[in-house]
Every structure is written in C-alpha cells, then in structure tokens.
J.: 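Sharing a structure here in structure tokens format.
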Amino acid sequence: MTNADPAVNRAPSAGGLAALKNVARCLTLVETLRSRGPHLPGLGVFHGYSGYGKTYAALYVQNITGALRVEVGDSWTKKSLLQNILREANQEPRGTIAHMSECAIMALGDDFNRPLIIDEADKLADKGMLELVREIHEHSQAPIVLIGEEQLPGKILQVERVHNRVLDWVPAEPCDHEDARALANLFCPALSISDDLVDLLVEKSAGKARRIHVNLNRIIEHARSTGEDSFSAGSFEQGWFFTGEPPRRIRRAA
C-alpha cells in the first residue's frame, strides 16, 4: 500500500479545490502508477465509504494531471463505458464494441502515461465489466485508477485476472481537523471559524467531506441571516448541525 504521508504529500491547490489529505492519497496513487517500472501492472484502486470525498479527489487529480475521467452510471453497458472513454479522449465513438475497444486502447496507448480514472467502478464489478478494463489496460499500458466504495477491493478479488494487475490499493480516510479547516478556508473565507467549531464540524459530520461542506453552507446561510461573521462551537445548539440522520418523529400523547 502506498504510504501517503499527509504532512509530506500535501497536494497543491488546483481549480478552486481544497488540497485535502485524500487528494494527496489519490494523487500519490496516480504518480505511483505513472512511474512504475517495466512489466509492472498499472491498475490502482482508491476505495472508501461514501462521503469521504473520493470523487472530489478524482476531480482534483484530473485537474493536476490532465487525466481522462469517467463516472459510471447505473444504466451503463460495455458500449456506454467505451463511448464515454472515447468522448473523454475527444474521439468519435462509433462502430461495434470490439472496434471501440480498439480505439480506446489506441487513444490511451498514444499517451500511455496519461491516466484514466474510472469513478463508481463498483458498478462495473457488479455487471461483470472489469475484464474490459483489464483488456484496455493490458493492451494500452495506460495507468488506470478504479474508484469505488469500501466493498470494491472484495469485488475485484473475485476476478483473478483483474486482481493480479492491481499495483496498489489506497483507502480513503475520514477528514480530520486540517481537512475541515482547508474546506472552511475555501468555502467560508470571509468568516472567522474557531478551532473548536472546526473540531465539532468533523465530529458532527463523521469525518465526511460532503457533510462538512453541507454544514459550512449552513453556517454561511446563518451568517447572512444574522449579519455575524465570527463563530465558535458555542454559537450553535448541538442539534443544529446536519449529521445525515433523518429527524426523529415526535410522538404526541394521546
């Protein structure tokens, strides 16, 4: 597993995105694949629970590296996957699946150091489409990153020929204080947010970047309505924060 030391591998800012530690982990994985030695496999897996910011990291890495990126849809088939890869590579998708597969291999092979990022790769595993990814990688030698939920590694393990071509597995981790502070600096630059409030955001959001962003947006709306611009943990009641849990029904006495 790649040892992405957060203190060392802090990714630079790009395109108005915050350099979170999961961005550094994903970027380190991509660079590991790109700089691999001859005859080494070039598939990488970036996996973790929903809300940890995997897609956010993928977008950041795409901006930094110029990678091709596709996000698999629920209704996708092999044809859909190939069409979207070719469109991302600025090529016209046409012909049979076999023909488009050859075109995708050629497009990636022409610049074999340009990564291909496949988000929501769980859906490919569920539909038995991982072998197509292996074929594209095998013949193009392009680095390919599969991004998915926590169960993705187990699904890949069931497809031996794909599993054997994984060079590294990198787990996404929950956000910490530094990550939440980076998000606050990005989305709330005009507000003063105390360290204890940042810690509370991490706690209430369970370290999930998406929920931290939602809570920061709630703070922005609160600032607009009150005219305040400085907040601490004591500025809000404990039940004020968005945790992802639905509100409990209040039972009234008969």
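Residues take their numbers from the sequence shown, with the count starting at 1.
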J.: Holding to side-chain hydrogen bond (donor to acceptor under 3.5 Å, both in side chains), I want the full list of residues that pass it with R34, two or more places apart in sequence or in another chain.
T.: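 Partners of R34 under the side-chain hydrogen bond (donor to acceptor under 3.5 Å, both in side chains) test: E31.
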J.: Please enumerate all residues that pass salt bridge (Lys or Arg N to Asp or Glu O under 4.0 Å) together with E71, with sequence neighbours excluded.
T.: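 Counting only residues at least two positions away or on another chain, E71 forms a salt bridge (Lys or Arg N to Asp or Glu O under 4.0 Å) with R69.
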J.: Under a 4.0 Å threshold between the charged nitrogen and the carboxylate oxygen, would E178 count as salt-bridged to R181?
T.: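 Between E178 and R181 there is no salt bridge, as every charged N stays at least 4.0 Å from the carboxylate O atoms.
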J.: Would you list the pairs meeting side-chain hydrogen bond (donor to acceptor under 3.5 Å, both in side chains) in which at least one residue belongs to residues 78-87, sequence neighbours left out?
T.: T77-S80
J.: Please give me the minimum heavy-atom distance between D179 and P174, naming the atom from each residue.
T.: OD2-O, 4.4 Å
J.: Give the C-alpha distance, both sets of side-chain angles, the deciding distance and a yes or no for side chain to side chain contact (heavy atoms under 4.5 Å, CB included) between I136 and L82.
T.: CA-CA 10 Å; I136 293 171; L82 292 168; 3.8 Å; yes
J.: Taking only residues two or more places apart in sequence or in another chain, which ones pass side-chain hydrogen bond (donor to acceptor under 3.5 Å, both in side chains) with R94?
T.: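 With neighbours one apart ignored, the set is empty.
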J.: Are V214 and L186 joined in one hydrophobic group, where the rule is that I, L, V, M, F, W and Y side chains link up if heavy atoms are under 4.5 Å apart?
T.: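 The answer is no; the residues belong to distinct hydrophobic clusters.
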J.: What I'd like to find out is whether the side chain of K54 reaches to under 4.5 Å of the side chain of C26, using heavy atoms alone.
T.: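 No - every pair of side-chain heavy atoms lies 4.5 Å or more apart.
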J.: Is the shortest heavy-atom distance from the side chain of I219 to the side chain of L201 under 4.5 Å?
T.: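 Yes, at least one pair of side-chain atoms sits under 4.5 Å.
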J.: Can you give me the closest heavy-atom contact between L86 and A104, atom names plus distance?
T.: CD2-N, 3.6 Å
J.: Could you check H99 against C103 for side chain to side chain contact (heavy atoms under 4.5 Å, CB included), going step by step and ending with a plain yes or no?
T.: CA-CA 6 Å; H99 174 73; C103 290; 3.5 Å; yes
J.: Just by modelled atom types, is the F242 backbone N or O under 3.5 Å from a matching donor or acceptor in the N215 side chain?
T.: yes
J.: Could you check whether any side-chain heavy atom of T28 comes within less than 4.5 Å of a side-chain heavy atom of V170, counting everything from C-beta outward?
T.: no
J.: Under the salt bridge (Lys or Arg N to Asp or Glu O under 4.0 Å) rule, collect the residues that match up with E237, sequence neighbours excluded.
T.: none
J.: Main chain of A142, side chain of H137: is a donor-acceptor contact present, judged purely on distance under 3.5 Å?
T.: yes
J.: Are I144 and L132 grouped together when hydrophobic residues (ILVMFWY) are joined by side-chain heavy atoms under 4.5 angstrom apart?
T.: yes
J.: With heavy-atom distances below 4.5 Å as the criterion, would you say the side chains of L29 and V145 are in contact?
T.: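 In contact.
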J.: Has the side chain of S205 got a donor or acceptor atom that lies under 3.5 Å from a matching backbone atom of K208?
T.: no
J.: How long is the straight-line distance from CG of L152 back to CD1 of I147, given to the nearest 0.5 Å?
T.: 10.0 Å
J.: Which value, rounded to the nearest 0.5 Å, describes the distance between I118 atom CD1 and L130 atom CG?
T.: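 Reported value, rounded in 0.5 Å steps: 9.0 Å.
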J.: Does a side-chain heavy-atom distance below 4.5 Å link L183 with L20?
T.: yes
J.: Which residue pairs pass the side-chain hydrogen bond (donor to acceptor under 3.5 Å, both in side chains) test when at least one of the two sits in residues 119-129, sequence neighbours left out?
T.: T55-D119, D74-K123, D126-K155
J.: How would you list, by chain and number, every residue that makes a salt bridge (Lys or Arg N to Asp or Glu O under 4.0 Å) with R211, sequence neighbours excluded?
T.: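 Partners of R211 under the salt bridge (Lys or Arg N to Asp or Glu O under 4.0 Å) test: none.
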J.: Dump the intermediate steps for salt bridge (Lys or Arg N to Asp or Glu O under 4.0 Å) on E173 and R25, then the final yes or no.
T.: CA-CA 9 Å; E173 301 289 347; R25 292 183 181 101; 5.2 Å; no
J.: Rounded to the nearest 0.5 Å, how far does CG of L157 lie from CG of N164?
T.: 10.0 Å
J.: Indicate the atoms forming the closest heavy-atom contact of A67 with Q62, along with that distance.
T.: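 Nearest heavy atoms, A67 then Q62: O-CG, 3.2 Å.
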J.: For S194, what residues pass the side-chain hydrogen bond (donor to acceptor under 3.5 Å, both in side chains) criterion, not counting sequence neighbours?
T.: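 Result, side-chain hydrogen bond (donor to acceptor under 3.5 Å, both in side chains) vs S194: D196.
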J.: Say whether V198 and F241 are linked into one hydrophobic cluster, either directly or through other cluster members, by side-chain heavy-atom distances under 4.5 angstrom.
T.: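 Yes, V198 connects to F241 through the hydrophobic network.
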J.: Roughly how far, to the nearest 0.5 Å, is CD of E102 from NE2 of H139?
T.: 7.5 Å
J.: Which pair of non-hydrogen atoms, one from S235 and one from S230, has the smallest distance, and what is that distance?
T.: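 Nearest heavy atoms, S235 then S230: OG-O, 4.5 Å.
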J.: When you measure from the side chain of R114 to the backbone of T65, do you find a donor-acceptor pair of N or O atoms at a distance under 3.5 Å?
T.: no
J.: Atom CD1 of I105 and atom CG of D110: how far apart are they, to the nearest 0.5 Å?
T.: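 With rounding to 0.5 Å, CD1 (I105) is 12.0 Å from CG (D110).
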J.: Does Y52 belong to the same Ile/Leu/Val/Met/Phe/Trp/Tyr cluster as I117, with side-chain heavy atoms less than 4.5 Å apart forming each link?
T.: no
J.: Establish whether M106 and I85 are linked, either directly or via other cluster members, by ILVMFWY side-chain heavy-atom contacts under 4.5 Å.
T.: no
J.: Could you list the residues that satisfy side-chain hydrogen bond (donor to acceptor under 3.5 Å, both in side chains) with D199, not counting sequence neighbours?
T.: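 Once residues adjacent in sequence are excluded, the partners of D199 under the side-chain hydrogen bond (donor to acceptor under 3.5 Å, both in side chains) criterion are H177.
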J.: Let's go through L116 and E88 carefully: what are the C-alpha distance in whole Å and the side-chain angles of both, what is the deciding distance for side chain to side chain contact (heavy atoms under 4.5 Å, CB included) to 0.1 Å, and is it a yes or a no?
T.: CA-CA 10 Å; L116 169 63; E88 186 70 7; 5.9 Å; no
J.: Got S50 and R210 here, is their nearest side-chain heavy-atom distance under 4.5 Å?
T.: yes
J.: Please report the C-alpha distance between C188 and I220 in whole Å, then the side-chain angles of each, then the deciding distance to 0.1 Å, and finally whether the side chain to side chain contact (heavy atoms under 4.5 Å, CB included) criterion is met.
T.: CA-CA 7 Å; C188 312; I220 292 171; 3.7 Å; yes
J.: E138: which residues meet the salt bridge (Lys or Arg N to Asp or Glu O under 4.0 Å) condition with it, sequence neighbours left out?
T.: R165
J.: Would you name the heavy atoms of C175 and V202 that are closest together and state the gap between them?
T.: O-CG1, 3.6 Å
J.: Any idea which heavy atoms bring A223 and L191 closest together, and the distance?
T.: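 Closest pair (atom of A223, atom of L191, distance): CB-CD2, 3.9 Å.
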J.: Sequence neighbours excluded, which residues qualify as ring pair (Phe, Tyr, Trp, His ring centres under 6.0 Å) partners of F231?
T.: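 In terms of ring pair (Phe, Tyr, Trp, His ring centres under 6.0 Å), with neighbours along the sequence ignored, F231 is linked to H222, F236.
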J.: Hey, could you give me each pair passing side-chain hydrogen bond (donor to acceptor under 3.5 Å, both in side chains) that has a residue in residues 140-152? Not counting sequence neighbours.
T.: none
J.: Answer whether the closest heavy-atom distance between the side chains of I156 and W169 falls below 4.5 Å.
T.: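 They are in contact (side-chain heavy atoms under 4.5 Å apart), so the answer is yes.
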J.: Do F46 and L146 come close enough that some side-chain heavy atom pair is under 4.5 Å?
T.: no
